[in-house]
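The structure under discussion appears below in the form of structure tokens.
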2 protein chains.
Amino acid sequence: MDLRRLRYFIAVAEELHFGRAARRLHISQPPLSQQIQTLEQEVGVALFERTGHRISLTDAGRELLPRARLVLAQAEAAKTAVQRVGRGESGALELGFTGSLPFTPVMPRVLHDFRRAYPGVQLQLRELSTREQIERLTAETLDVGFFRPTRHELLEQLETRVVLREPLLLALHADNPLARRKRLPLAALTQEPFILYSRSVSTGLHDQILALCLKAGFAPRIVQEVHEMPTIIGLVAAGVGVALVAASMRQIHVPGVVFLPLAETGVATDILLAWKRGGESAALRNFLAIALSEAK
Amino acid sequence: MDLRRLRYFIAVAEELHFGRAARRLHISQPPLSQQIQTLEQEVGVALFERTGHRISLTDAGRELLPRARLVLAQAEAAKTAVQRVGRGESGALELGFTGSLPFTPVMPRVLHDFRRAYPGVQLQLRELSTREQIERLTAETLDVGFFRPTRHELLEQLETRVVLREPLLLALHADNPLARRKRLPLAALTQEPFILYSRSVSTGLHDQILALCLKAGFAPRIVQEVHEMPTIIGLVAAGVGVALVAASMRQIHVPGVVFLPLAETGVATDILLAWKRGGESAALRNFLAIALSEAK
DNA sequence: ATATTTGATATGTTATCCATATCATGGATC
DNA sequence: GATCCATGATATGGATAACATATCAAATAT
């Protein structure tokens, strides 16, 4: 199983024509036929069906094609990553985060410290939903991600650490009579219109808040679902309704929005750092070291 | 970037000793040094630091090690996956069957045994009429099918085997006076209302039963045509008429339906296994091996 | 029936890979 | 500090593998 043979195989599988594939590979046709035959001998399975004038992939060939592409892509990625390190850029790191994270104390601090400690690392920031982050982390098209707890079947393939736990606060409009109180029990919100996190995108918070309300004895009247926390603040300012948000949302100063602690204790939301187990790059290891040391 | 070179690199990186790594790779030391140098030239970065007596990984080498492992592992996985498909241990198989087949002893047993022997094969079951199966088998949008004999011009393009021969029984309602007899000659049914198989969908059974009746000296009074055997049982139970059904229909226990053997001997219906000649996938070959070995 | 296109085969050349032999250098030992 | 040992690099020749040119056999198209 040679990378060159895999490359040849992909060319033939894509062109479905030995001659064209050979031209694309800048070799002549006979050695290509020969290499494919060698590859087929090696795996012990026919990869193409040669029925006279035209060829087609066998089941085995169809199985191999995407895998061969993956192997080649990863080899290529390894090469460029190594070269980047060689040029002193010491690697690249793609970091995912949800919209609320930049307002928390943890993400800015980690970024700042990492940038100072490893100025050579090319740090790419990507705002992505929790779900997208989990999918890209498992597919290894993202190195590390910040998000809040959720349910997702791929989560168990990832390594996660809680890096911050912050209380949930009630955000409501200053004109609301309840805004004059010092703290509020959830039960006081029975009649309030609720802004909630989207069930499909922010499953964890959606379910958590719903469960809290039910425990307090009422089902919230949901007037709006949103994807990201900061959006909520805008809606609260616009008088659309009340919402439960992480304490760090207080960072966002919008006239007319008041934050109140809940009377209930222990109502909080975690911030997680997640990455794929095994095969951590040097840059990722360094990032994790900094992020986790600041986590307590 | 050759897979061999990556393998060599991993060995040296793990042993941190060219001699030991060479021994592990069953080659001598000089070519190993040479291959590592070639690899370093290829990526343009030093992977090891040779400081006199001992060597260590450079940052670039540390970056490469986990990635090289990943590439090799995935190449290996691709190989075994392809081989599994080649051996028919994985892949997909689409199986057609008519409505009466699940009640026969042969189809459930074959499915059970095949699933146990080749759990990796994705087995798709499709309830299809005999005609549809024949058309899809010749068009190769179906891999294999179970049905009863019929006339169809495309049949000669298919390979067929009889996997079970079962007697035809008379199904009639318990209230029918004839139901008290132990066995019945066909001639006793001259005046009975007949439920028959649709001429267009189940040509074989339709013609067979019509011929039997004519041979017994009467033309049956057909009150209803149906597409599938199990449907008949329901109609018999409803008192619509009498019918000839395969013995395995006795599996369907519906109150009010009585099954009686015919006085005539040798009145039976076959169950066929059919597939398209040539180009059998490995999974299909394995399926046929199991199905035909149980056919006797 | 003939021409054309396709992938497979034959053969010689070149490049790659490996083994044996040898060299250069950094530590360890006396 | 001279010697010895271990380690990786270099030199050289032979085996293997990959390639190009020339050619073939079979399937289509004209």
Side-chain angles (χ1 to χ4, degrees), chain A residues 1-58 60-62 64-65 68 71-72 75 79, chain B residues 1-58 60-62 64-65 68 72 75 79 140 157 277-279:
Chain A
M1 275 277 259
D2 193 343
L3 286 188
R4 182 182 348 109
R5 294 206 179 107
L6 290 182
R7 200 171 2 253
Y8 287 4
F9 165 76
I10 290 172
V12 178
E14 283 178 356
E15 300 284 349
L16 287 177
H17 190 294
F18 277 77
R20 276 199 300 276
R23 242 169 292 143
R24 198 174 105 183
L25 295 165
H26 302 295
I27 62 171
S28 63
Q29 171 261 316
L32 181 56
S33 290
Q34 186 184 323
Q35 290 300 323
I36 297 295
Q37 286 170 26
T38 310
L39 180 62
E40 287 177 320
Q41 276 185 353
E42 214 168 351
V43 297
V45 185
L47 299 171
F48 293 99
E49 261 175 306
R50 289 93 158 165
T51 52
H53 231 186
R54 59 182 46 131
I55 60 171
S56 57
L57 279 166
T58 63
R62 259 187 296 279
L64 180 57
L65 183 54
V71 171
L72 278 184
K79 186 172 174 178
Chain B
M1 275 279 259
D2 193 342
L3 286 188
R4 180 178 352 105
R5 294 205 178 108
L6 291 183
R7 203 175 353 260
Y8 287 5
F9 165 75
I10 291 172
V12 178
E14 284 177 356
E15 300 284 349
L16 287 178
H17 190 295
F18 277 76
R20 277 199 301 275
R23 242 169 292 143
R24 196 173 108 182
L25 294 165
H26 303 294
I27 61 172
S28 61
Q29 170 262 316
L32 181 56
S33 290
Q34 187 183 324
Q35 290 300 323
I36 297 296
Q37 285 170 27
T38 311
L39 180 62
E40 288 177 318
Q41 275 187 352
E42 214 167 353
V43 297
V45 185
L47 300 171
F48 294 98
E49 261 173 309
R50 288 95 160 162
T51 53
H53 232 187
R54 59 183 47 130
I55 61 172
S56 57
L57 279 165
T58 62
R62 258 188 297 279
L64 179 57
L65 183 54
L72 276 185
K79 185 173 175 179
E140 301 194 71
Q157 293 185 34
R277 235 186 306 276

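So that the names make sense, note that chain A is the first sequence line, chain B the second, and so on, each numbered from 1.
- What separates CG of A:Leu39 from C1' of D:dA18 is a distance of 15 Å, to the nearest Å.
- Checked for salt-bridge contact, A:Glu15 and A:Arg23 miss the test: no charged N lies under 4.0 Å from a carboxylate O.
- Contact between B:Val45 and B:Ala60 at its shortest, heavy atoms only, is CG1-CB, 3.3 Å.
- Not one side-chain nitrogen or oxygen of A:Arg50 sits closer than 4.0 Å to the OP1 or OP2 atom of C:dT6.
- Summarising the geometry, atom CZ belonging to A:Arg24 is positioned 11.0 Å from atom CZ belonging to A:Arg7; distances are rounded to the nearest 0.5 Å.
- In terms of heavy atoms, A:Leu47 sits closest to A:Leu39 at CD1-CD2, 3.7 Å.
- Expressed to the nearest 0.5 Å, how far CD of A:Gln29 lies from NE2 of A:His17 amounts to 9.5 Å.
- For the pair A:Glu40 CD and C:dG7 C1', the computed distance is 12 Å after rounding to whole Å.
- B:Phe9 meets the ring-ring contact (aromatic ring centres under 6.0 Å, His included) test with B:Phe48; sequence neighbours excluded.
- Listed pair B:Arg54 / D:dT7 fails the phosphate criterion, with no side-chain N or O lying under 4.0 Å from OP1 or OP2.
- Remark: C1' of C:dG7 and CZ of A:Arg20 are 13 Å apart, rounded to the nearest angstrom.
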Between the protein and nucleotides 3-6 of chain D, are there any N/O to N/O pairs under 3.5 Å, and if so, what are the atom names and distances?
unit_1: D:dA6; atom_1: N3; unit_2: B:His53; atom_2: NE2; d: 3.4

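- Counting only heavy atoms from C-beta outward, the side chains of B:Val12 and B:Ile55 approach each other to under 4.5 Å.
- Residue A:Glu42 contributes atom CD, which lies 13 Å from atom C1' of D:dA17 at whole-angstrom precision.
- Contact between B:Ala46 and B:Thr58 at its shortest, heavy atoms only, is O-OG1, 2.8 Å.
- One interatomic measurement links the two molecules: CD1 of A:Ile36 to C1' of D:dC19, which rounds to 15 Å at whole-angstrom precision.
- Atom CD1 of A:Ile55 and atom P of D:dA26 are 19 Å apart (whole Å).
- Residues A:Leu6 and A:Met1 are in side-chain contact: their nearest non-hydrogen atoms beyond the backbone lie under 4.5 Å apart.
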- Item | Nucleotide-resolved protein contact map, nucleotides 14-19 of chain C, B/S/- at heavy-atom distance under 4.0 Å | ---SSB

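- In this structure, B:Phe48 places its CZ atom 16 Å from P of D:dT7, rounding to the nearest Å.
- In this structure, A:Gln41 places its CD atom 14 Å from C1' of C:dA8, rounding to the nearest Å.
- Remark: A:Ser33 is in phosphate contact with C:dA8, judged by side-chain N or O atoms under 4.0 Å from OP1 or OP2.
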